[in-house]
K.L.:
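I'd like to ask you about the structure that follows.
Basis for what follows: all heavy atoms, side chains included, without hydrogens, waters or symmetry-related copies.
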Amino acid sequence: MTTNAGASADASAGASAAPITPVAPVTSVTPVLVRLKLSLLRNGLRQSAGRRAAYVTSVVLVLLVAALQLLGLIALRGNAHATAVTVLLIAILALGWAVMPLFFPSGDETLDPTRLVMLPLHPRPLVRALLAASLVGIGPLFTLCLLVGSVISVAHGAAGYVTAVVAVVLALLVCVALARAVAAANIRLLSSRKGRDLAVLSGLVIAVGAQLVNFGAQRLGAAGGLSQLDPAAEVLRWVPPASAIGAVDSVSSGSYGVGVAQLLLSMAALVGLLALWSRHLTRLMTSPDGSTLQAAEPTARERGSGASGLGRLLPPGRTGTVMERSLRYIWRDPKTKAAWVTSLAIGLIVPVFNALQGTGSIYFACFAAGMLGIQMYNQFGQDTSAFWMVAMTISTTRDAYVELRGRALALLLITLPYATLVTVLTTALLGDWPKLPEVLGLSFALLGAMLATGAWSSARFPYSIPQEGYKNVAPGQAGLAWIAIFGGMVSAALLASPVIALTIWLNVVANGDEWTWLLLPLGTGYGALITVLGLRLAAPRTARRLPEILAAVSKG
């Protein structure tokens, strides 16, 4: 007992005398990710001299634009509408931060947090580190210049300048956190091939945005200048991060309570975005994605149903199958979707914006039918190399006719209600309701002519549409594309000339306003007749030229 007790005591003493290994201090991940961001930038520039030249050129141009914007905002200091301009500017800037990751996901490697899922990192430290790394780059620098210029133009007094410093930091962090939260919420889509192909739509966003800016500038010039911005600014000054700029103006004018409330709104937005970002990061780093899960077994209802919900609403047989395939292409294929969205947007913008400006004509509503009618051209090229599966099912002229008819009906399923909606909206804006029937009839006649010439052109001048990149025509086929589209449009105008001539005669020569309503049934009937004739004429050519069509559309 004594010996054992002594041995235990000696063991305890030896254990207590053993050296204790010091615990390594916890290293913050923030400087690591900031250095990683700088390394990515540096290594990217080392790849080629052309990349370095492009980067340096872009930096110089961005800094030049930022400097000019900064000087312009400073020049607004003392202007009665400076607050309205700056509040709207920061609101638009925040919108840009929100949507740019959706269209340019590959512009920043650190936008993809799935690259860090194998590391033992907690969401909160990771959010802080990624937020700090996000402040390195051209975009944050450009944003900082605009924010500094904005607060300089509205700040007055010591309290105003102190608030301005806080406002700049808050607004910059809200913009960056907004971009990161949006990217984290959509990273599964953005990192996929189809998600990257959706960047094709960025051109549409830029085009529509340019039209909106142009329209806004014209409205400002015609309606009294910057004072037209005040109503919108009064609302947006309470929307983060523009509320931070509103807080500077409120404090500068002595409304300290209002200024504090606006700052608190921006702070709350920042906290909410960081929490949302952290939640999405946790989900990304702990939840399996579709590649790690087995495909779900079809339900009994799905196994017992021979057609999808869309298919049950379409005609039976080959016509319905072709229509469903065409509609699925429109919804799922990035290139086809981009073409349709562009046509839908421009077909609405041209007549509606001209009507809003007071310079438009109700006949501009025909632009909607014309833009969507273009989608009938190069029908087989939209299928690319998959057209060989369609070609295997076409052995007679009847098969070719049903194929073309199904594609035309799928297009009409969208175009007819859309053209009607745009025409009614344009008529309402202009207040010219007596002309609604004749414009609808003219639109339907033009649409029928474009469907007829589009079917024939698809068989006579097919060309390939590359699936990768931004090109819509394969190399060496640009001439075919020009002939198919512009030649077809001229032919469609000639085919629709009887209805056009009748419209002119009733309005100019005969002055028969009481008979113009007849143009609706006449134009509709003529459009349907010319469509059927065009499909009938294109069907035998399609059946004969299947090998040539397949070779042309598979070239890209």
K.L.:
Go through the side-chain N and O atoms of Glu438 and Tyr363 and say whether any donor and acceptor fall under 3.5 Å apart.
P.N.:
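Their side chains do contain a donor-acceptor pair, which is all the 3.5 Å distance test asks for.
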K.L.:
Can you tell me if Arg545 uses its side chain to pair, donor with acceptor, with the backbone of Ala459 under 3.5 Å?
P.N.:
yes
K.L.:
Check whether more than 12 heavy atoms from other residues, nucleotides or ligands sit under 6.0 Å from atom CH2 of Trp238, and answer yes or no.
P.N.:
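Check passes, neighbour count above 12.
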K.L.:
So Leu236 and Leu88, do their side chains get closer than 4.5 Å, heavy atoms only?
P.N.:
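They are in side-chain contact.
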K.L.:
Evaluate the side-chain proximity of Leu411 to Ser326: yes if any heavy-atom separation is below 4.5 Å, no if none is.
P.N.:
no
K.L.:
Taking all non-hydrogen atoms of both residues into account, name the closest pair between Pro434 and Pro437 and its distance.
P.N.:
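Between these two residues, the closest heavy atoms are O-CD, 3.5 Å.
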K.L.:
When you compare the side chain of Pro462 with that of Glu548, does any pair of heavy atoms fall below 4.5 Å?
P.N.:
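Glu548 does not reach Pro462 side chain to side chain.
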K.L.:
Side chains of Thr319 and Arg405: donor-acceptor distance under 3.5 Å anywhere?
P.N.:
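Side-chain D/A pair, Thr319 to Arg405: present.
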K.L.:
Can you see which heavy atom on Ala98 is nearest to which on Leu178, and at what distance?
P.N.:
CB-CD2, 3.7 Å
K.L.:
For side chain to side chain contact (heavy atoms under 4.5 Å, CB included), just list the numbers for Leu348 and Leu425, CA-CA rounded to whole Å, side-chain angles, deciding distance to a tenth of an Å, and then say yes or no.
P.N.:
CA-CA 9 Å; Leu348 177 66; Leu425 181 59; 4.0 Å; yes
K.L.:
Of the non-hydrogen atoms in Ala233 and Val87, which two are nearest, and what is the gap between them?
P.N.:
O-CG1, 4.0 Å
K.L.:
Less than 4.5 Å apart, any side-chain heavy atom of Phe444 and any of Thr423?
P.N.:
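Not in contact.
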K.L.:
As a quick check of understanding, evaluate side chain to side chain contact (heavy atoms under 4.5 Å, CB included) for Ser134 and Arg180, giving each step before the final call.
P.N.:
CA-CA 8 Å; Ser134 302; Arg180 296 298 165 146; 2.9 Å; yes
K.L.:
State whether a side-chain donor-acceptor pair under 3.5 Å links Trp331 with Thr336.
P.N.:
no
K.L.:
Salt bridge check, Arg325 against Glu403: does any charged N sit closer than 4.0 Å to a carboxylate O?
P.N.:
yes
K.L.:
Quick one: CG on Leu535 to CD1 on Ile530, what's the gap to the nearest 0.5 Å?
P.N.:
10.5 Å
K.L.:
Using 0.5 Å steps for rounding, measure from the OG1 atom of Thr427 to the CG atom of Leu436.
P.N.:
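These two atoms lie 4.5 Å from each other.
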K.L.:
What are the two closest heavy atoms between Gln379 and Ser458, and how far apart are they?
P.N.:
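Reported closest heavy-atom pair: N-OG, 3.0 Å.
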K.L.:
When you measure from the side chain of Thr86 to the backbone N and O of Ser150, does any donor-acceptor pair fall under 3.5 Å?
P.N.:
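No; judged by distance alone, with no hydrogens or angles, the pair does not exist.
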K.L.:
What distance separates Thr516 OG1 from Leu522 CG, expressed to the nearest 0.5 Å?
P.N.:
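Nearest 0.5 Å value for the OG1-CG distance: 11.5 Å.
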K.L.:
Side chains of Thr397 and Arg544: donor-acceptor distance under 3.5 Å anywhere?
P.N.:
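There is no such pair between these side chains.
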K.L.:
What pair of heavy atoms forms the shortest contact from Val499 to Ala445, and how long is it?
P.N.:
CG2-CB, 3.8 Å
K.L.:
Is the shortest side-chain heavy-atom distance between Thr426 and Asp432 below 4.5 Å?
P.N.:
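Thr426 vs Asp432: side chains apart.
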K.L.:
My understanding is that only one of Leu550, Leu546, Thr542 makes a side chain to side chain contact (heavy atoms under 4.5 Å, CB included) with Phe380; could you say which?
P.N.:
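Between Phe380 and the candidates, side chain to side chain contact (heavy atoms under 4.5 Å, CB included) is satisfied uniquely by Thr542.
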K.L.:
If you apply the rule side chain to side chain contact (heavy atoms under 4.5 Å, CB included), what do you find for Thr524 with Leu520, and how did you get there?
P.N.:
CA-CA 6 Å; Thr524 304; Leu520 177 56; 3.9 Å; yes
K.L.:
Quick check: do Pro241 and Cys175 have side-chain heavy atoms less than 4.5 Å from each other?
P.N.:
yes
K.L.:
Counting distance only, does the side-chain N/O of Ser464 pair as donor-acceptor with the main-chain N or O of Gly381 below 3.5 Å?
P.N.:
no
K.L.:
Within the 3.5 Å criterion, strictly below it, is a donor on Tyr377 or Thr453 matched to an acceptor on the partner's side chain?
P.N.:
yes
K.L.:
Can you tell if the side chain of Gln375 reaches within under 4.5 Å of the side chain of Thr415, non-hydrogen atoms only?
P.N.:
no
K.L.:
Look up atom CG in Asn354 and atom CZ in Phe367, then write down how far apart they are to the nearest 0.5 Å.
P.N.:
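If I round to the nearest 0.5 Å, the distance is 9.5 Å.
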K.L.:
Could you pull out all residues at least two apart from Leu63 that satisfy side-chain contact (heavy atoms from CB on, under 4.5 Å)?
P.N.:
Val59, Leu141
K.L.:
If we ignore hydrogens and angles and just use 3.5 Å, is the side chain of Thr396 paired with the main-chain N or O of Asp399 as donor and acceptor?
P.N.:
yes
K.L.:
Going through the checks in order, is the side chain to side chain contact (heavy atoms under 4.5 Å, CB included) test met by Arg407 and Val322?
P.N.:
CA-CA 6 Å; Arg407 293 172 183 254; Val322 174; 3.7 Å; yes
K.L.:
Out of curiosity, Leu518 CG to Leu506 CG, how far, rounded to the nearest 0.5 Å?
P.N.:
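These two atoms lie 8.0 Å from each other.
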K.L.:
Going from CH2 on Trp340 to OH on Tyr329, what distance comes out if it is rounded to the nearest 0.5 angstrom?
P.N.:
15.0 Å
K.L.:
Determine yes or no for a side-chain-to-main-chain donor-acceptor pair under 3.5 angstrom, with Thr531 supplying the side chain and Gly448 the backbone.
P.N.:
yes
K.L.:
Compare every heavy atom of Ala369 with every heavy atom of Leu447, then report the nearest pair and how far apart it is.
P.N.:
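Heavy atoms of Leu447 and Ala369 come nearest at CD1-O, 3.9 Å.
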K.L.:
So Phe461 and Trp456, would you call those rings parallel, tilted or perpendicular, with 30° and 60° as cut-offs?
P.N.:
perpendicular
K.L.:
Side chains of Leu519 and Val439: does their closest heavy-atom pair fall under 4.5 Å?
P.N.:
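Sidechains of Val439 and Leu519: no contact.
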